[in-house]
Protein chains: 2
Amino acid sequence: MNRFTIICITACRVNPDSLRGIVKHRTTIRELAEYTGLSPAAVSYALRGKQVSAATERRVREAAEKLGYEADPIARALAGGATAVVGLLVGSLADFWTQELVRAVQRELYGAELSALVADADGEPARELELAQRLVDQRVDGLVVVPIGPASGGWASIARQLPVVTIGDELPGVAPAGEVVFDNELGVEQALQHLSGLGHRRITVLSWAVETSPERDAERAAALSAAALGLDCRVVPCAYSLNGSQPLAAELLDDPGRPTAVLCLSDSIAYGVYAACAELGLSIPGDVAVAGFGDHPISRLLAPPLTSTVWDVEQAAECATSFLSQAIAADGPQATLREVVAPVLAVRASTGPPTPRRG
Amino acid sequence: MNRFTIICITACRVNPDSLRGIVKHRTTIRELAEYTGLSPAAVSYALRGKQVSAATERRVREAAEKLGYEADPIARALAGGATAVVGLLVGSLADFWTQELVRAVQRELYGAELSALVADADGEPARELELAQRLVDQRVDGLVVVPIGPASGGWASIARQLPVVTIGDELPGVAPAGEVVFDNELGVEQALQHLSGLGHRRITVLSWAVETSPERDAERAAALSAAALGLDCRVVPCAYSLNGSQPLAAELLDDPGRPTAVLCLSDSIAYGVYAACAELGLSIPGDVAVAGFGDHPISRLLAPPLTSTVWDVEQAAECATSFLSQAIAADGPQATLREVVAPVLAVRASTGPPTPRRG
DNA sequence: GATCGGTTGTGAACCGGTTCAGTGAACCGG
DNA sequence: CCGGTTCACTGAACCGGTTCACAACCGATC
């Protein structure tokens, strides 16, 4: 059998202009240098307003405008510059409040001309540090963390490499660039006082299943015991989502000796309690009073509307972004910026006085 | 006044090993080359299993393992390789269903060892393309888009540069790498049939305020008119969020000639209607029946539980990620992968027969 | 034994910025 | 007029990979 080899040589002289729009060519700094008659180094400096005369800077800027030059973020990152990307690491994206926080942070970052590389530990504390390292490898300029894991040495090492801002819980011993702290201690105290005031004595706290450091654990225990004067109060760790809390709540409430009130440290958890109550035919707040934490926009639409502790996500996001921007601009270790967000208890119909049990 | 100049010279001989853990040093490909006695090029090839003998490949892999070598994603990206980052561009992160989708996509991407650069157009269609371009500039390997804007020429150009997968609406004329399509036409038809079957005649559809292309607009109009046989059906565009829909719904319902049923093309919109009803003292479904779209996990917890059209976010996310992975691996234009997700109407207590009006 | 084709591996250029050391020119006080 | 600064800019190295063109080597074929 014969084999034919067909050779086809086409001489092709393409006018570069005709490629515009088909293959996009980014203007490089060297082209800009040639155009302005300067060296690439001078252009690089000029664009960042350093070490050049005002006249040159203006000339370069005009040329950049004209040629539509924009620095390649990847090349800039490799050379050690900023990427304008920050990492946003959350403990559990399944939690509705966290979702709202992500939205708010995204909006703020857009205003600050930053992009976000979002990572979700999906409720597994062990995954947190690995994801953080991955973000660092991507050369993010900074990190916003909503921690659920313990504050290990790995965090300290990361915080030394780039600015880290925490939202919600702290990472003790890490010395981040900024902290937006929720005063959980006070929040829990207020909520328990409210329930206690209504006459509840047997209360269960559904806490998030966070692998806290000893200090934070102690903090929380202290808050609980302090506020719990005279209260029969149990703390149960719980998955940070609706699907996680529903079965746990069902088990907890399907018992004549059930608590008269449940305080959930996240609205997502409270939603699971609602679902469990519906399943068991228990009425809220008649059979069991329920309070949440975070105050998701939907909570006031539930039946009954959910009593919840308001944590302002907009404020938290604004602070965190501002802290991070400052730390990135400062470009060196500074004192930790800190903002404590005060809890406000929004009392709604899901909490009322306990009804006396027959038996 | 005297000036003292203090010169302090400290001869400092640092053992490189002692710096470990203080400043993290990434092993580079050249170090790995030196260690194995090969050239950097050979190592690069070996790590990607190309053009090298099996023995060499094994040797390099072992050395990489031993030295803890991991390729720098930034350098790789600059050299034209893959970044293992994909862009996730959503029309409105304020929409709860979109939030769920983002969560699901994140989880899938984690499984595929990809990271996500998330961008939110925040309900503004004009912002969509700009954000997409920004993601392309960041050298993402691909793009997952939940579009709200029109399919302009800009999209076609982007789809030619990298794989694009759409979820939900399509971008006609763009030829993306993959499409996960929601059959909105059928979904709307089913919902309207349900309402019609209950006896509703005057129905308002609160649609998302999407700047659709003519084709999609026509599609939707066709679906509506086809299903709306005998129905007095009005379509009103609405912001894609609770806060956006509540005032609109309040205005719409504060009118004796109000519709007997409202079909919302997103659960977020329906939540706004619930809020408006609470405000106006209208009962659901007695005074007005309400149906949603998307079936957010919370919807079944509302009072009354919301009738909604189920769009499975897990399935959509899985498909989209799979399509994108395939397209990235194929590394060249392929036929568009396509999956149509069928709507399933979950009937709950928020829809019932209309009550006759007095007057 | 010369030629050929295929496999492995190398050297160097390249991606597109940043930055350091160095050079000339202008400037200044003595 | 001279030594010392400061200013504005340049050349070249560098970040850490990828890839192209080519060389060395091998066995098989004519």
Side-chain angles (χ1 to χ4, degrees), chain A residues 3 5 23-61 63-64 67-85 136-141 161 331, chain B residues 3 5 23-61 63-64 67-85 136-141 161 331:
Chain A
R3 267 192 14 209
T5 303
V23 175
K24 262 223 179 102
H25 172 70
R26 291 181 68 97
T27 310
T28 70
I29 203 170
R30 283 169 236 271
E31 287 166 355
L32 197 53
E34 196 179 352
Y35 182 85
T36 53
L38 291 164
S39 70
V43 174
S44 175
Y45 285 129
L47 289 172
R48 282 167 303 134
K50 285 168 130 182
Q51 277 201 20
V52 285
S53 68
T56 303
E57 184 176 337
R58 206 161 41 81
R59 193 151 53 98
V60 171
R61 286 205 190 288
L67 270 61
Y69 171 82
E70 267 186 276
D72 183 329
I74 299 293
R76 173 173 285 173
L78 182 59
T83 51
V85 174
V136 173
D137 289 349
Q138 296 281 357
R139 300 273 218 288
V140 294
D141 288 346
Q161 295 175 54
D331 195 33
Chain B
R3 268 190 17 206
T5 303
V23 175
K24 261 223 179 98
H25 172 70
R26 292 181 70 95
T27 311
T28 70
I29 203 170
R30 284 169 235 271
E31 287 166 356
L32 197 54
E34 195 180 354
Y35 183 85
T36 53
L38 290 164
S39 69
V43 174
S44 174
Y45 285 127
L47 289 172
R48 281 165 306 135
K50 285 168 128 182
Q51 275 203 19
V52 285
S53 66
T56 304
E57 182 175 338
R58 206 163 41 79
R59 190 152 53 98
V60 170
R61 287 206 189 288
L67 270 61
Y69 171 82
E70 267 187 277
D72 183 328
I74 298 292
R76 172 172 285 172
L78 183 59
T83 51
V85 174
V136 173
D137 289 348
Q138 297 279 358
R139 296 272 222 290
V140 293
D141 288 346
Q161 295 175 54
D331 196 31

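Keep in mind that the numbers below use all heavy atoms, side chains included, and drop hydrogens, waters and symmetry copies. Each chain gets a letter, A, B and so on, in the order its sequence line appears, and its residues count up from 1.
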Exercise for review: If dC20(C) has a Watson-Crick or G-U wobble mate with both distances under 3.5 Å, name it; if not, just say none.
Suggested key: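 dC20(C) is paired, partner dG11(D).
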
Check your understanding: Using purine N1 to pyrimidine N3 plus N6-O4 or O6-N4 for Watson-Crick, or N1-O2 and O6-N3 for G-U wobble, each under 3.5 Å, what pairs with dG30(C)?
Key ->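 Pair assignment: dG30(C) / dC1(D).
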
Value in whole Å for how far the [atom2] atom of [N] lies from [atom1] of [X]:
| X | N | atom1 | atom2 | value |
| --- | --- | --- | --- | --- |
| Glu31(A) | dG17(C) | CD | C1' | 13 Å |
| Leu47(B) | dG16(D) | CG | C1' | 13 Å |
| Ile29(B) | dC15(D) | CD1 | C1' | 14 Å |
| Lys50(A) | dT10(D) | NZ | C1' | 17 Å |
| Glu34(B) | dG16(D) | CD | P | 15 Å |

Heavy-atom side-chain proximity of [X] to [Y] below 4.5 angstrom:
| X | Y | answer |
| --- | --- | --- |
| Gln138(A) | Val85(A) | no |
| Tyr69(B) | Leu47(B) | yes |
| Arg139(B) | Leu78(B) | yes |
| Asp137(A) | Asp72(B) | no |

Point to revise | Residue-phosphate contact under 4.0 Å: Ser44(A) side-chain N/O, dT18(C) OP1/OP2 | key: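 Answer yes for this pair, as a side-chain N or O of Ser44(A) is under 4.0 Å from OP1 or OP2.
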
Exercise for review: Give a yes/no on whether any side-chain N or O of Ser53(B) is located under 4.0 angstrom from OP1 or OP2 of dG9(C).
Suggested key: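 Looking at the OP1 and OP2 atoms of dG9(C), one of them is under 4.0 Å from a side-chain N or O of Ser53(B).
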
Nearest non-hydrogen partners of [X] and [Y], listed with the distance:
| X | Y | result |
| --- | --- | --- |
| Ala77(B) | Thr83(B) | CB-CG2, 3.1 Å |
| Ala82(B) | Asp141(B) | CB-OD2, 3.3 Å |
| Val60(B) | Thr36(B) | CA-CG2, 4.3 Å |
| Gly49(A) | Glu57(A) | CA-OE1, 3.9 Å |

Review point. Which residue, Pro40(A) or Ala41(B), contacts DNA chain C at a nucleotide closer to its 5' end, judged by nearest heavy atom?
Key: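 Closest to the 5' end, via its nearest nucleotide, is Ala41(B).
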
To the nearest 0.5 angstrom, please state how far the [atom1] atom of [X] sits from the [atom2] atom of [Y].
| X | Y | atom1 | atom2 | result |
| --- | --- | --- | --- | --- |
| Ile74(A) | Arg76(B) | CD1 | CZ | 13.0 Å |
| Ser39(B) | Arg30(B) | OG | CZ | 10.5 Å |
| Ile29(A) | Glu31(A) | CD1 | CD | 11.0 Å |

**Study point:** Proximal nucleotide (of dC9(D), dG17(C), dC20(C)) relative to the Tyr45(A) side chain
**Key:**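 Among dC9(D), dG17(C), dC20(C), the one nearest the side chain of Tyr45(A) is dC20(C).
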
Practice item. Among the candidates dT19(C), dT19(D), dC9(D), find the nucleotide nearest to the side-chain atoms of Arg48(B). Key: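 Nearest nucleotide to the side chain: dT19(D).
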
Practice item. Could you tell me whether Thr27(A) contacts a base, only the sugar-phosphate backbone, or nothing, with contacts defined as non-hydrogen atoms closer than 4.0 Å? Key: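 It contacts sugar-phosphate atoms only.
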
Check your understanding: Which comes earlier along DNA chain D counting from the 5' end, the contact point of Leu38(A) or that of Arg30(A), where each point is its nearest nucleotide?
Key ->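 Looking at the nearest nucleotide for each, Leu38(A) comes out on the 5' side.
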
Exercise for review: Could you tell me whether the side chain of Arg26(A) and the main chain of Glu70(A) form a donor-acceptor pair under 3.5 Å?
Suggested key: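 Checked: pair present.
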
Exercise for review: Could you list by number each residue of residues 69-85 of chain A showing a heavy-atom separation from DNA chain D of less than 4.0 Å, or answer none if no residue does?
Suggested key: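 Heavy-atom cutoff 4.0 Å gives Leu78(A), Ala79(A).
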
Please enumerate all protein N or O atoms sitting under 3.5 Å from an N or O of nucleotides 22-26 of chain D, with distances to 0.1 Å.
none

**Study point:** Interface with DNA chain C, restricted to residues 54-61 of chain A and to heavy atoms under 4.0 Å
**Key:**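 Heavy-atom cutoff 4.0 Å gives no residues at all.
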
